[in-house]
2 protein chains.
Amino acid sequence: MSKPADHQQLFENALDRLRTSGYKVTAARRDLLKILCQTGDHLTSTDVIEKAAQAKRPIGRASVFRTLDLLTELGIIRPTYLHRGAPNYIVMPENGHHAHIICRDCSQVIEINECSIDEMIDALEVRHNIEITGHLLELYGKCKDCE
Amino acid sequence: MSKPADHQQLFENALDRLRTSGYKVTAARRDLLKILCQTGDHLTSTDVIEKAAQAKRPIGRASVFRTLDLLTELGIIRPTYLHRGAPNYIVMPENGHHAHIICRDCSQVIEINECSIDEMIDALEVRHNIEITGHLLELYGKCKDCE
DNA sequence: ATCTTATTGATACTTAATCTCAATTGGAGT
DNA sequence: ACTCCAATTGAGATTAAGTATCAATAAGAT
């Protein structure tokens, strides 16, 4: 079980992962990561493009998509489907665990911090001979407001 | 723990869910569901559009998108982001459980049938006062071929 | 068999994402 | 600090994905 990391921590860690993976830490990537970490979860690419365009040091459209792809590949962010249309991106913490509940009626998203599937993951690693480095658990249900 | 339902079972069950939700069981919806259930998981909308166009009784582009949206809303299918670009759709079984591992290197998808997070879900239902009807568990790692 | 309403398909349209290529920049090495 | 080179960027063109409109059709209730 782990506490949610604060924004600054997430940001620093993500930068490290970029660096140690051999990619350049450019102004565009730094600024974009800042946007993602500060704003919080569930931004669409359009959201990010908008924010990036309004920044003091604007980032181009193509670079936003490229960076989102790169960060996804590195496991730093993760696209997920909340509503129709474009994916929403979440920033994955260092331990790679993220879980939320989506209400099927109102699409409200409830973030979950307690997550105890570690034992199951251990078993899967052995059974499939694979090293698991992260997960996304999405739960679907009907929230109390929608009952 | 549950066995994976066979295609026919998935299909019949999905039709039932459509019907009991008050939607008409049209030829287009039936054919499209058949495509989804028979072909298996991880088709993109473009894949489905192609298959639907080649069928004996072709289904129009717009109807494919409409039906994919409807089936998603009903929890019968679920978009996920495996690679870049458009989402891939998976057909959710009656029990609403789906889990897979995605290799971060080669994007290979390993389906998982054993899934033991039921106790955890019970606890979450109580804690968040919500009824959970399904989940998607995505695990990220590096498969043996990519080590 | 009839009727009502949901659904469909064709087309036009909007929005999202990708490609290309010259200009720029991070950072390794000197 | 300075130089250099490959990685990265931005602008704009292009392609692909998804949506809207509306007359025609079909499901299924009576």
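Atom set for the values below is all heavy atoms of this structure, side chains included, hydrogens, waters and symmetry mates excluded. Convention: sequence-line order gives letters A, B, ...; per-chain numbering from 1.
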Send over the distance from B:Lys24 NZ to D:dT25 P, rounded to a whole Å. 15 Å

Length of the line joining A:Tyr81:OH and D:dA17:P, which is rounded to integer Å: 17 Å

Answer yes or no: does a side-chain N or O of B:Thr26 lie under 4.0 Å from OP1 or OP2 of C:dA6? no

Short side-chain N/O contact to D:dA17 OP1/OP2 from B:Thr46, under 4.0 Å: yes

Base, sugar-phosphate or nothing for B:Arg61? Non-hydrogen atoms, less than 4.0 Å. base

Which of the following nucleotides, D:dG10, C:dA16, C:dT8, is nearest to the side chain of A:Ile59? D:dG10

Considering the options A:Ile76, A:Leu33, A:Leu74, which one meets the side chain to side chain contact (heavy atoms under 4.5 Å, CB included) requirement together with A:Arg17? A:Ile76

Rounded distance in Å - CG (A:Asp47) to C1' (C:dA17): 16 Å

Using distance alone, with no hydrogens and no angle criterion, decide if B:Glu50 and B:Gln54 have a side-chain donor and acceptor under 3.5 Å apart. no

Under the 3.5 Å rule, do the base of D:dG10 and the side chain of A:Arg66 count as making a donor-acceptor pair? yes

Please state how far atom CG in B:Leu15 lies from atom C1' in D:dA27, giving the value in whole angstrom units. 14 Å

Distance check needed: D:dA11 P versus A:Ile49 CD1, whole Å only. 13 Å

So CG of A:Asn88 and OH of A:Tyr81: to nearest 0.5 Å the spacing works out to 9.5 Å

C:dA17, OP1 or OP2 - any side-chain N/O from A:Ser45 closer than 4.0 Å? yes

Have a look at B:Ala62 and say if it touches a base, only the backbone sugar-phosphate, or nothing, with a 4.0 Å heavy-atom cut-off. base

Provide, to the nearest angstrom, the distance between the CG atom belonging to B:Leu70 and the P atom belonging to D:dG18. 17 Å

Any base atoms under 4.0 Å from A:Arg29, or only sugar-phosphate, or nothing? Heavy atoms, all strands. sugar-phosphate

Without decimals, in angstroms, what is the distance between A:Asn88 CG and C:dA16 P? 13 Å

Between C1' on C:dT8 and CG on B:Asp69, what's the gap in Å once rounded to a whole number? 15 Å

Using 4.0 Å as the upper bound for N to carboxylate O, is an ion pair formed by A:Arg66 and A:Asp69? no

Are any of the side-chain nitrogens in A:Arg19 or A:Asp16 under 4.0 Å away from the carboxylate oxygens of its partner? yes

The residue, B:Arg19 or B:Pro87, whose nearest nucleotide of DNA chain D is more 5′ is B:Pro87

